[in-house]
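A short write-up of the structure that comes next.
Only heavy atoms go into these numbers, but all of them, side chains included; no hydrogens, no water, no symmetry mates. Throughout, residue positions are numbered sequentially from 1 according to the sequence presented.
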Amino acid sequence: SYREYGWSEFCSCGGKTWDKGIVLDIFAGTGTTLVVAEKLSRKWIGIEINPDYCQIAKERIKRTILPLLD
């Protein structure tokens, strides 16, 4: 049988503040997931072993996310 699970912005926690969580991308590559997470107001952590991809992601984050913070 098939069962679908999902997340809701509403919970049965008695009105306590609900935290959207943190996006963890352990293969961050060029940072696409991180940029999208930021645009969706999520906290994020990216991990990438390849220094070339790290540099690309760093530049992309500077170019797309930092202007949103101004």
**Asked** Does the side chain to side chain contact (heavy atoms under 4.5 Å, CB included) test come out yes or no for Ile22 and Ile45, once each step is laid out?
**Response** CA-CA 7 Å; Ile22 300 172; Ile45 299 170; 4.1 Å; yes

**Complete:** Cluster membership besides Val36, Ile/Leu/Val/Met/Phe/Trp/Tyr side chains within less than 4.5 angstrom, sorted by chain and number, is Leu40

**Asked** For Ala57, what residues pass the side-chain contact (heavy atoms from CB on, under 4.5 Å) criterion, not counting sequence neighbours?
**Response** none

**Fill in**
Arg63 meets the side chain to side chain donor-acceptor pair (under 3.5 Å) criterion, sequence neighbours left out, with none

**Item:** Qualifying residues under side-chain contact (heavy atoms from CB on, under 4.5 Å), relative to Ile49, sequence neighbours excluded
**Value:** none

**Item:** Residue pairs, two or more places apart or on separate chains, that pass side-chain hydrogen bond (donor to acceptor under 3.5 Å, both in side chains) and touch residues 45-58
**Value:** Gln55-Glu59

Please tabulate, one pair per line, all N/O donor-acceptor pairs under 3.5 Å involving side-chain atoms of residues 28-35, not counting sequence neighbours.
| from | atom 1 | to | atom 2 | distance (Å) |
| --- | --- | --- | --- | --- |
| Thr30 | OG1 | Arg60 | NH1 | 3.4 |
| Thr32 | OG1 | Arg60 | NH1 | 2.6 |
| Thr33 | OG1 | Asp25 | OD2 | 3.4 |

**Prompt:** Taking all non-hydrogen atoms of both residues, which atom of Trp44 and which atom of Ile65 are closest, and how far apart?
**Reply:** CZ2-CD1, 3.9 Å

